[in-house]
Amino acid sequence: MSRTPVWEESLMAQDRPLAVVTGGSSGIGLELARQCAQHGFDVAVSGSSEKVDAAAASLRELGVDAWAHRADASTYDGVESFWQFVVGLGRPVDLAVLNVGVGLGGAFVDTDLDDELRLIAINVSGTVHFAKRVVQQMVPRGQGRILIVSSVSATTPTPYETVYGPSKAFGFSFAESLREELRDSGVTVTALLPGATDSDFHANAGMGDTVYGDNSWKNDKTQVAAQGFAAVMAGDDHVVGGDDATKQEAADNRTTPEPEKAAAMAEKARPSS
Ligand SMILES: NC(=O)c1ccc[n+]([C@@H]2O[C@H](COP(=O)([O-])OP(=O)(O)OC[C@H]3O[C@@H](n4cnc5c(N)ncnc54)[C@H](OP(=O)(O)O)[C@@H]3O)[C@@H](O)[C@H]2O)c1
């Protein structure tokens with residue numbers, strides 16, 4: 001049986017575009033990484049736990065090259081180390097998915113300030129940091145795609161997730177702002193706004209005793225990721241991730257008064273105990 005020479009395999013791999021996905025070890029990020037792999041991208045994924053190694057192994061099973069990098073995205077050095085890892089691959093980034101994000105539930109009067117500052121470090125500072133590196137590589141090349149994972153929470157006050165929602169509003173506005181700046185650069189920026197989605201996110205945010213603690217009614221993370229991937233490849237400005245009801249909710253949030261939205265959100269996010 002004839003076998004492709006090693007140098008040819010290497011050449012074929014170099015021909016594949018490269019995607020990087022932050023927070024790609026589980027949840028929506030892993031599904032976005034799968035979308036990339038299924039559409040012929042080699043993929044580098046980051047995460048803070050050993051799950052990231054299993055994620056990369058599962059991506060390789062889809063027939064592409066995949067690399068895992070473990071680092072804490074709440075620190076400057078952690079974010080920078082993933083970027084340096086990507087640079088070390090020796091290939092330009094064609095698609096950057098800025099997905100990593102954490103939540104935090106509970107009454108603001110009770111929650112720990114350190115947890116809130118950590119959330120801001122990951123969701124806001126880390127997004128800016130990684131975007132800076134990506135943009136400064138893509139713009140001189142005159143090509144590239146960036147997907148920033150925001151949330152439907154960007155379109156409403158989020159009581160009992162009082163710092164999380166604003167961090168996602170930052171991501172949405174940041175994406176739309178950067179998109180306009182880069183209009184003629186060959187680099188597109190797209191925001192993904194998932195509604196509530198069936199990942200470990202709310203459990204990790206300490207929201208098990210809220211309406212969000214039950215994953216059964218939430219959007220399918222595979223569907224959300226497919227919508228995000230299609231939007232970034234089409235160069236759309238943003239897409240709401242989820243079912244028709246989620247898309248309607250996001251549309252309604254454009255015109256519903258803030259206090260009314262805040263009261264409705266409080267019912268879902270208020271801890272029962
Ligand atoms: N699920 C939802 O309902 C929902 C709705 C709207 C928007 N979103 C957004 O979607 C994005 C992904 O959320 P998800 O639902 O997939 O959450 P998830 O299941 O909790 O996954 C979070 C991912 O981020 C990584 N991560 C967390 N903390 C990290 C840290 N300090 N350093 C490095 N990596 C870290 C995790 O990897 P490790 O475990 O290996 O650290 C994991 O890969 C977030 O930006 C979130 O705000 C989620």
Side-chain angles (χ1 to χ4, degrees), residues 20-34 45-56 58-59 68-83 85 97-105 115 117-127 129-130 147-156 158 161 163-172 174-175 191-208 210-215 217-225 227-228 238-243 246 249-250 265 268-269:
V20 300
V21 183
T22 69
S25 57
S26 64
I28 296 169
L30 177 55
E31 295 304 321
L32 282 162
R34 285 201 176 113
V45 287
S46 70
S48 68
S49 74
E50 68 287 346
K51 281 184 292 183
V52 73
D53 296 313
S58 74
L59 294 168
H69 182 72
R70 195 167 158 183
D72 181 359
S74 73
T75 68
Y76 182 97
D77 289 348
V79 177
E80 189 64 24
S81 76
F82 183 45
W83 176 250
F85 176 82
V97 180
L98 280 58
N99 162 79
V100 65
V102 296
L104 180 65
D115 290 340
L117 295 179
R118 182 172 173 277
L119 181 154
I120 293 167
I122 295 172
N123 298 9
V124 179
S125 305
T127 299
H129 183 162
F130 205 76
L147 180 66
I148 294 178
V149 180
S150 172
S151 171
V152 170
S153 295
T155 66
T156 175
T158 57
E161 298 176 275
V163 177
Y164 173 71
S167 79
K168 294 280 112 176
F170 175 88
F172 187 24
F174 178 65
L192 169 61
L193 279 60
T197 303
D198 62 349
S199 72
D200 295 335
F201 177 83
H202 290 104
N204 291 339
M207 297 180 71
T210 71
V211 170
Y212 291 108
D214 173 11
N215 262 354
W217 61 272
K218 295 185 201 166
N219 290 292
D220 171 13
K221 56 183 179 285
T222 309
Q223 179 193 32
V224 168
Q227 291 166 334
H238 80 278
V239 65
V240 174
D243 60 13
T246 301
E249 180 191 348
M265 289 297 288
K268 291 200 277 189

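Every number for a ligand or one of its atoms is a count from 1 in the order of the listing. Keep in mind that the numbers below use all heavy atoms, side chains included, and drop hydrogens, waters and symmetry copies.
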Open item on the list: side-chain contact (heavy atoms from CB on, under 4.5 Å), that's the test. Do V211 and W217 meet it? Break it down for me.
Closed with: CA-CA 10 Å; V211 170; W217 61 272; 3.9 Å; yes
Task: Audit row: T210, H202, side-chain hydrogen bond (donor to acceptor under 3.5 Å, both in side chains) steps and yes/no - done: CA-CA 9 Å; T210 71; H202 290 104; over 6 Å; no
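For atom 15 (O) of ligand 1, the closest non-hydrogen atom on the protein side is S199 OG, 2.5 Å. Nearest protein heavy-atom neighbour of atom 7 (C) of ligand 1: S150 O, 3.2 Å. Scanning the protein heavy atoms around atom 17 (O) of ligand 1, the nearest turns out to be F201 CB, 3.5 Å. Atom 3 (O) of ligand 1 has as its closest protein heavy atom T197 N, 2.8 Å. In terms of protein heavy atoms, atom 40 (O) of ligand 1 is closest to S49 OG, 2.7 Å. Looking at atom 23 (C) of ligand 1, its nearest protein heavy atom turns out to be G23 O, 3.6 Å. Among all non-hydrogen protein atoms, the one lying nearest atom 36 (C) of ligand 1 is S25 OG, 3.7 Å. Taking atom 48 (C) of ligand 1 as the reference point, the nearest protein heavy-atom neighbour is I28 CD1, 3.7 Å.
Within the 4.0 Å heavy-atom cutoff, A203 does not count among the residues contacting ligand 1.
How far OG1 of T75 is from CZ of R118: 10.0 Å, rounded to the nearest 0.5 Å. Between K268 atom NZ and M207 atom CE the span is 10.0 Å, to the nearest 0.5 Å. With rounding to the nearest 0.5 Å, the separation of OG1 in T22 from CG in L147 is 9.5 Å. A distance of 10.5 Å separates CG in D72 from OG in S46, rounded to the nearest 0.5 Å. One distance of note links CD1 of I148 with NZ of K168; it measures 10.0 Å at 0.5 Å rounding.
At least one donor-acceptor pair under 3.5 Å links the side chain of N219 to the backbone N or O of D243. The backbone N or O of G165 sits less than 3.5 Å from a side-chain atom of T158, completing a donor-acceptor pair. With hydrogens and angles disregarded, no donor-acceptor distance shorter than 3.5 Å links the side chain of D198 to the backbone of K218. Using a distance-only test at 3.5 Å, with no hydrogens or angles considered, no donor-acceptor pair links the side chain of S48 to the main chain of A71. Of the possible polar contacts, none joining the R70 side chain to the G47 backbone as a donor-acceptor pair under 3.5 Å is found. Between the side chain of T197 and the backbone N or O of S199, no donor-acceptor pair lies under 3.5 Å.
Atoms of ligand 1 found under 4.0 Å from any heavy atom of S26, numbered from 1 in the order shown, are 19 (O), 21 (O), 42 (C), 43 (O). Within ligand 1, counting atoms from 1 as listed, the ones closer than 4.0 Å to a heavy atom of A196 are 3 (O). For ligand 1, the atoms closer than 4.0 angstrom to any heavy atom of R118 are 31 (N). If you number the atoms of ligand 1 from 1 as listed, the ones under 4.0 Å from a heavy atom of V149 come out as 9 (C), 10 (O), 11 (C). Listed by number with element, the atoms of ligand 1 under 4.0 angstrom from any heavy atom of D200 are 19 (O). Near N204, with a cut-off below 4.0 Å to any heavy atom, the atoms of ligand 1 are 20 (O). With ligand atoms numbered from 1 in the order given, ligand 1 contributes 16 (O), 19 (O) to contacts under 4.0 Å with heavy atoms of G27. Interface atoms of ligand 1 facing A71, defined by a heavy-atom separation under 4.0 Å, are 32 (N), 33 (C).
With a heavy-atom cut-off of 4.0 Å, H202 touches ligand 1 through its side chain alone. The side chain of I122, and not its backbone, has at least one atom closer than 4.0 Å to an atom of ligand 1 (non-hydrogen atoms only; side chain from C-beta on). Only the side chain of Y164 comes within 4.0 Å of ligand 1, counting heavy atoms alone; its backbone N, CA, C and O stay farther away. Residue contacts with ligand 1 for K168 involve side-chain atoms from C-beta outward but no N, CA, C or O (heavy atoms, distance under 4.0 Å).
Looking at K51 next to ligand 1, an N or O pair under 3.5 Å apart turns up. Between V152 and ligand 1, not a single N/O pair is under 3.5 Å apart. For ligand 1, none of its N or O atoms has an N or O atom of V102 under 3.5 Å away.
At a threshold of 4.5 Å between non-hydrogen side-chain atoms, the residues I122 and V100 count as touching.
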